[in-house]
Protein chains: 2
Amino acid sequence: MPVTIQDVAREAGVSVSTVSRAFTVPDLVKEETRQHVLQTAERLGYRPNRAARGLITGKTGNFGVIVPDLSNPFFPTVLKGVQARAREADYAVFLADCDENPAEEMALVQAMAKQVDGVILCSSRMTPSQLDRVVGTTSLVFINRQVRDNPAVLMGPAAGMRQAIDHLAALGHRRVAYLNGPKASWSNRERRRGLRQAARYAMEIVELGPFAPRFEGGPHAADLVIAEGVTALIAFNDLLALGVMSRLADRGVAVPEEMSVVGFDDIPMAGMATPPLTTVAMQNERAGRAAVDLLVNLLTVSGADAGDLRRDLDCQLIVRASTTVPARS
Amino acid sequence: MPVTIQDVAREAGVSVSTVSRAFTVPDLVKEETRQHVLQTAERLGYRPNRAARGLITGKTGNFGVIVPDLSNPFFPTVLKGVQARAREADYAVFLADCDENPAEEMALVQAMAKQVDGVILCSSRMTPSQLDRVVGTTSLVFINRQVRDNPAVLMGPAAGMRQAIDHLAALGHRRVAYLNGPKASWSNRERRRGLRQAARYAMEIVELGPFAPRFEGGPHAADLVIAEGVTALIAFNDLLALGVMSRLADRGVAVPEEMSVVGFDDIPMAGMATPPLTTVAMQNERAGRAAVDLLVNLLTVSGADAGDLRRDLDCQLIVRASTTVPARS
DNA sequence: TGAAACTATGCAAACGTTTGCAGAGAGGGT
DNA sequence: ACCCTCTCTGCAAACGTTTGCATAGTTTCA
């Protein structure tokens, strides 16, 4: 039923080699026959079977993306960028969600390895030893995580944290809580690194958590924060921050008057919350595109001098109404 | 470099056929040899090449999902369900985002056709004629759209609308606006069908739009609604509803006192808005899973009596603070 | 004891491509 | 008239699997 290269060849009165070449190496076949082949192919509705092609070329024309949790609005936006750029480069994209589970993530990479030319790992949660088992099975590009000299797109989490600290310090906060995200998260580690900026201002940092990087993690975190008596908090991401704000409202703690709140990611919800959330915006979609660029580059150039293996994007603190000067106590 | 079935055969001292059978038809090979083969395979880290397998079996073990817009939070949740169920059934998933563009959507199906066993079309925007060109190229399952007798998972949009109308009628609203979503959307057509429920209550419906089903569509819609002088509105989806509420707030129209607002989808943001949004909740993740079930079923059974080709899920009105009795004028 | 019926395995063809090699013309220079 | 080169095309092998058919060995039964 599906039309193959054989059908086109027979119909066009040429050999399969010619048909193949008409598509893949146009300058090897006479312009006239090439047109003829292309037309009959079009007429018959022929689309080359990429699996068969991949079998011989070793290239599948696919790659994979693995994200920790699709229901976290952070990821769909970077997926969108991946998607768009992939289509431009004529690649198809396998998607998988590992549910924040590192072992599952590793299994997914291994399962994908044979069907793809490379995999993009978004905020990978894998342990170093799991990574070792996986590096080399296929080309990898990381987003939001730097592991040795593997290609990576980074969104400057430490710099983002420094901006947040600068902002809170400028407002006069002297004792600030940081709500940790998942332990396995590289972004979280980087953000903690950024916390050192506090030393400049003699600001005291109280670390709490880790918490689930979701709205549901907020209430627990909020209660701990209140008990600490800080005047401001920085949450691992916006979802967590929103959950915290919700609980603070329930407990009668006014934001921002009694508690300033800063998030990360600038998800769409952040701007619509009450009060609108001050947050560090990332260039998600651009990161997705950059990751594809890196991967494509990696696959096309000889491999020796792949050139730049890292792309650093900057992020931007968006000040909204959830932060202000601390209450005089 | 990658280890093939040949390597395993040589290493295990058997023929490739035996290795192949050890994996795919275990009862055809002696338990003892089978164990031996499986062990050497494991030791060598062999994973069958699915493309090569697909070439001969005609089954790829993949399928595709196409969504109109990843940045609409409605879709990632159904994707999550698709993902989870697909992995259980040992399928890999191609993802594509057609950017609300029907022509692109069609092209994507055609491009995928050869690499997948079937495609799940989520809220497909294709025209009937585009659909004709695509039906038959591969197995299709629709979510949120019914086209002739193709397999489909429906989330009861008409019934959802009836619940919304009942609710507003009970509150005493007599003149209500409906803000249309994309013209090409089947859900939108179905919801309009549900509007007939209004007749029961002598309620007048004012239809406006279509509007982009995004936050950005809201302001324009809000201004039109205010000009109509209705006491309540039902928006095509939550994003649009939130956009409307934002503009209403800017224009000094109090929600819900001067205007009741109902959305569709119950995206996470809905519950966190001010005021929290009354909305019709869908079972997105379950819909995703159901779609995969349908597809798998379609592919495994002979095809003749595929049994149930439709799955109807019900939805549920969630009443929050954005709706109340109309102001006495 | 021999035929019949299984059981377990191997051989080789097929799936739809790409690609190295070789051959057929055509054209050009001597 | 010859050889060389160049352009275009076809043949056939390969890629990593699955699977129909054949074969060899083992069991069953009369």
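As the structure is a prediction and not an experimental result, all values here were calculated from the model. Values reported hereafter were calculated over all heavy atoms of this structure, with side chains retained and with hydrogens, waters and symmetry mates removed.
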Once you round it to whole Å, what is the distance between [atom2] of [N] and [atom1] of [X]?
X: B/E31; N: C/dT7; atom1: CD; atom2: C1'; result: 14 Å
X: A/N49; N: C/dC15; atom1: CG; atom2: P; result: 12 Å
X: B/I5; N: D/dA14; atom1: CD1; atom2: P; result: 18 Å
X: A/D7; N: C/dG16; atom1: CG; atom2: C1'; result: 10 Å
X: A/D27; N: D/dT9; atom1: CG; atom2: P; result: 13 Å
X: A/R10; N: C/dG16; atom1: CZ; atom2: P; result: 11 Å
X: B/E32; N: C/dA8; atom1: CD; atom2: C1'; result: 12 Å
X: B/L55; N: D/dT18; atom1: CG; atom2: P; result: 11 Å

So, is [X] near the phosphate of [N], with a side-chain N or O under 4.0 Å from OP1 or OP2?
X: A/T18; N: D/dG10; value: yes
X: A/S15; N: D/dG10; value: yes
X: B/S20; N: D/dT18; value: yes
X: A/S17; N: D/dC11; value: no
X: A/T33; N: D/dT9; value: yes

Are there over 12 heavy-atom neighbours, none belonging to [X], within less than 6.0 Å of that residue's [atom1]?
X: B/E31; atom1: CD; value: yes
X: A/R189; atom1: CZ; value: yes
X: A/R286; atom1: CZ; value: no

Check whether the side chain of B/R21 and the base of C/dG10 form a donor-acceptor pair under 3.5 Å. yes
Within the structure provided, determine whether B/N150 and B/V135 are in side-chain contact (heavy-atom separation under 4.5 Å). yes
Any A/F94 side-chain heavy atom under 4.5 Å of B/N62 side chain: yes
Looking for any heavy atom pair under 4.0 Å, which part of the strands does B/F23 touch: base, sugar-phosphate only, or nothing? nothing
Does B/V25 reach a base, just sugar-phosphate, or nothing at all? Heavy atoms under 4.0 Å. nothing
Per atom distances to the B/R53 side chain, the nearest of D/dT9, D/dT17, C/dC11 is D/dT17
Taking the side chain of A/I56 as its heavy atoms from C-beta onward, which of D/dT17, C/dT17, D/dC8 lies nearest to it? C/dT17
